[in-house]
Amino acid sequence: MSKSLSYGQYLQLDKVLGAQAPQSGEHDELLFIVIHQSSELWMKLCLHELAAARDQIRADDLEPAFKMLSRVGRIQTQMIQAWEILATMTPFDYSRFREALGTSSGFQSHQYRQIEFMLGAKNGRTLDVHRSDPAALSALETSLAEPSLYDEALALLARRGFEIPADRLERDFTQAYAASAGVEAAWLKVYRDAEANWDLYELGEKLVDIEYRLQQWRFAHMKTVERIIGFKRGTGGSAGVAYLVKALERPFFPELLSLRTVI
């Protein structure tokens with residue numbers, strides 16, 4: 001028997017549209033909330049696609065993984081564009097409700113941290129921020145201990161006969177990935193004979209696409225924060241712009257970038 005379900009019921013719009021609770025009564029606070037809530041929804045979808053793509057890479061079934069990674073790229077484009085909307089808020093506008101945010105900070109987004117972990121930027125110290133949220137902490141601890149998307153890509157290269165250093169295949173996955181000359185050499189073989197290794201070459205480029213857009217997102221985030229609060233410390237005690245600038249210096253897939261200099 002079919003179940004009668006309205007559009008609003010299916011999407012649970014009563015919960016979604018009722019989830020905005022401005023604390024100050026200031027006009028621009030709703031903009032601030034909606035931008036961040038929508039970004040969290042997009043991040044939820046990114047995690048869904050990245051986890052599935054990782055499974056497909058592990059199974060050496062790259063065509064579905066390519067579709068999933070391409071979708072992540074489109075989602076990232078939406079998230080980058082969101083900063084353009086938030087940037088319509090002036091410093092004066094933000095100052096009128098900033099105190100209402102209390103100690104909350106984007107630095108506390110466990111989904112963003114989980115995306116970083118999924119891509120290989122592991123940092124166990126960042127878990128401390130989430131000790132008061134058992135569900136978020138559990139999800140992050142799981143992601144921290146799992147092989148990243150890049151770890152699975154390197155394992156695939158090894159299964160295809162490329163020489164990947166053992167210390168990059170069998171390692172403590174809770175630690176951040178470090179660049180390796182041996183891994184760069186393996187990717188160079190793929191790139192220098194792209195026609196013979198087309199699916200691996202395409203995988204490398206899909207990963208570069210994701211890093212490229214994530215760095216664009218980070219840059220847009222940094223410039224938006226700079227535009228609105230300058231170089232003040234962020235809410236929740238974060239370093240604000242200084243922290244965001246430093247993040248731009250950290251690549252996710254270092255050999256896929258460094259090989260372009262020598263190819």
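Keep in mind it's a predicted model, so treat the numbers as computed, not measured.
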Same hydrophobic cluster for Leu119 and Val183, using side-chain heavy-atom links shorter than 4.5 Å among ILVMFWY?
-> yes
Check step by step if side-chain contact (heavy atoms from CB on, under 4.5 Å) holds for Leu13 and Tyr7.
-> CA-CA 8 Å; Leu13 290 181; Tyr7 174 81; 3.7 Å; yes
Rounding to 0.5 Å, atoms CG (Leu149) and CG (Leu154) come to a distance of 10.0 Å
Would you say the side chain of Ile229 lies within less than 4.5 Å of the side chain of Arg98, judging by non-hydrogen atoms?
-> yes
Atom CD1 in Ile115, atom CE in Met118: separation rounded to 0.5 Å?
-> 8.5 Å
Could you tell me whether Arg113 and Glu116 make a salt bridge, using a distance below 4.0 angstrom between a side-chain N and a carboxylate O?
-> yes
Kindly indicate whether the side chain of Leu157, heavy atoms from C-beta on, has any atom under 4.5 Å from the side chain of Trp187.
-> yes
Closest non-hydrogen atom pair between Gln215 and Leu248, with its separation = NE2-O, 3.3 Å
Using the salt bridge (charged side-chain N to carboxylate O under 4.0 Å, His left out) rule, collect all pairs that involve residues 183-201, keeping only residues at least two apart or in two chains.
-> Arg160-Asp199
Is Ser104 reaching over with its side chain to a backbone N or O of Leu101, donor-acceptor style, under 3.5 angstrom?
-> yes
With His36, which residues qualify under ring-ring contact (aromatic ring centres under 6.0 Å, His included), at least two apart?
-> Phe32
Mind checking what makes salt bridge (Lys or Arg N to Asp or Glu O under 4.0 Å) contact with Asp55, not counting sequence neighbours?
-> Arg58
Mind checking the CZ-CH2 spacing from Arg74 to Trp42? Nearest 0.5 Å is all I need.
-> 12.5 Å
Check whether Trp217 and Val245 end up in the same hydrophobic cluster, where Ile, Leu, Val, Met, Phe, Trp and Tyr are linked by side-chain heavy atoms less than 4.5 Å apart.
-> yes
Can you measure from CG (Leu214) to CZ (Phe219) and round to the nearest 0.5 angstrom?
-> 14.0 Å
Between Asp93 and Leu31, is any pair of side-chain heavy atoms under 4.5 Å apart?
-> no
With clusters built from Ile, Leu, Val, Met, Phe, Trp and Tyr whose side-chain heavy atoms come within less than 4.5 Å, directly or transitively, what are the remaining members of the cluster of Leu137, listed by chain and number?
-> Phe117, Leu127, Leu140, Leu144
Are any side-chain N or O atoms of Ser105 and backbone N or O atoms of Gln108, one a donor and one an acceptor, separated by less than 3.5 Å?
-> no
Main-chain N/O of Ser95 paired to Glu99 side chain as donor or acceptor, under 3.5 Å = no
Write down the atom of Ala100, the atom of Ser24, and the distance for their closest heavy-atom approach.
-> CB-CB, 4.0 Å
Partners passing salt bridge (Lys or Arg N to Asp or Glu O under 4.0 Å) against Lys44 (at least two apart in sequence or in another chain) | none
Closest approach of Pro254 to Pro251 (non-hydrogen atoms, all atoms of both residues) | CB-CG, 4.3 Å
Give every residue pair that meets the salt bridge (charged side-chain N to carboxylate O under 4.0 Å, His left out) criterion with at least one member in residues 23-35, sequence neighbours excluded.
-> Glu26-Arg96
May I ask whether Met68 and Ile57 are part of the same hydrophobic cluster, defined by side-chain heavy atoms of I, L, V, M, F, W, Y residues being less than 4.5 angstrom apart, directly or through others?
-> no
Heavy-atom count around Arg218 CZ within 6.0 Å, excluding the residue itself: above 12?
-> yes
Heavy-atom closest contact (Ala21 atom, Ile33 atom, distance) | C-CD1, 4.0 Å
Exercise: identify the closest heavy-atom pair between Lys122 and Phe173 = NZ-O, 2.6 Å
Roughly how far, to the nearest 0.5 Å, is the CG atom of Leu188 from the CG atom of Leu256?
-> 10.0 Å
So does Glu163 have more than 12 non-hydrogen atoms from other groups sitting under 6.0 Å from CD?
-> no
Look at the side-chain heavy atoms of Ile, Leu, Val, Met, Phe, Trp and Tyr, link any pair under 4.5 Å apart, and say whether Tyr212 and Ile263 land in one connected group.
-> no
ILVMFWY cluster, Leu45 and Tyr112 together (side-chain gap under 4.5 Å) | yes
Please tabulate, for the side chains in residues 200-207, all donor-acceptor contacts under 3.5 angstrom to protein atoms that are two or more places apart in sequence or on a different chain.
unit_1: Glu205; atom_1: OE2; unit_2: Tyr191; atom_2: OH; d: 2.7
unit_1: Glu205; atom_1: OE2; unit_2: Arg260; atom_2: NH2; d: 2.7
unit_1: Lys206; atom_1: NZ; unit_2: Ser70; atom_2: OG; d: 2.6

Indicate the atoms forming the closest heavy-atom contact of Glu152 with Pro147, along with that distance.
-> OE2-CB, 3.6 Å
Quick one: salt bridge (Lys or Arg N to Asp or Glu O under 4.0 Å) partners of Glu255, sequence neighbours excluded?
-> none
Do Arg227 and Thr224 have side chains that get closer than 4.5 Å, going by heavy atoms?
-> no
State, yes or no, whether a side-chain contact exists between Ile228 and Thr90 at a heavy-atom distance under 4.5 Å.
-> no
With the side chain counted from C-beta on, respond yes when Met222 and Val225 share a heavy-atom pair under 4.5 Å apart, and no when they do not.
-> no
Decide yes or no for Tyr177 and Arg168: does some side-chain heavy atom of the first lie under 4.5 Å from some side-chain heavy atom of the second?
-> yes
Rounded to the nearest 0.5 Å, how far does CG of Asn123 lie from OG1 of Thr174?
-> 10.5 Å
Donor-acceptor pairs under 3.5 Å, side chain of residues 75-89 to any protein atom, not counting sequence neighbours: which ones?
unit_1: Gln76; atom_1: NE2; unit_2: Ile210; atom_2: O; d: 3.2
unit_1: Thr77; atom_1: OG1; unit_2: Gly73; atom_2: O; d: 3.2
unit_1: Thr88; atom_1: OG1; unit_2: Ile85; atom_2: O; d: 2.6

Partner residues of Leu41 under the side chain to side chain contact (heavy atoms under 4.5 Å, CB included) criterion, sequence neighbours left out | none
Linking Ile, Leu, Val, Met, Phe, Trp and Tyr by side-chain heavy atoms under 4.5 Å, what else ends up with Val34?
-> Leu30
State, with a plain yes or no, whether a side-chain heavy atom of Leu50 is found less than 4.5 Å away from one of Val72.
-> yes
ring-ring contact (aromatic ring centres under 6.0 Å, His included) partners for Phe253, two or more places apart = Tyr150
Taking it one step at a time, do Asp128 and Arg131 satisfy salt bridge (Lys or Arg N to Asp or Glu O under 4.0 Å)?
-> CA-CA 5 Å; Asp128 291 341; Arg131 297 291 175 193; 3.3 Å; yes
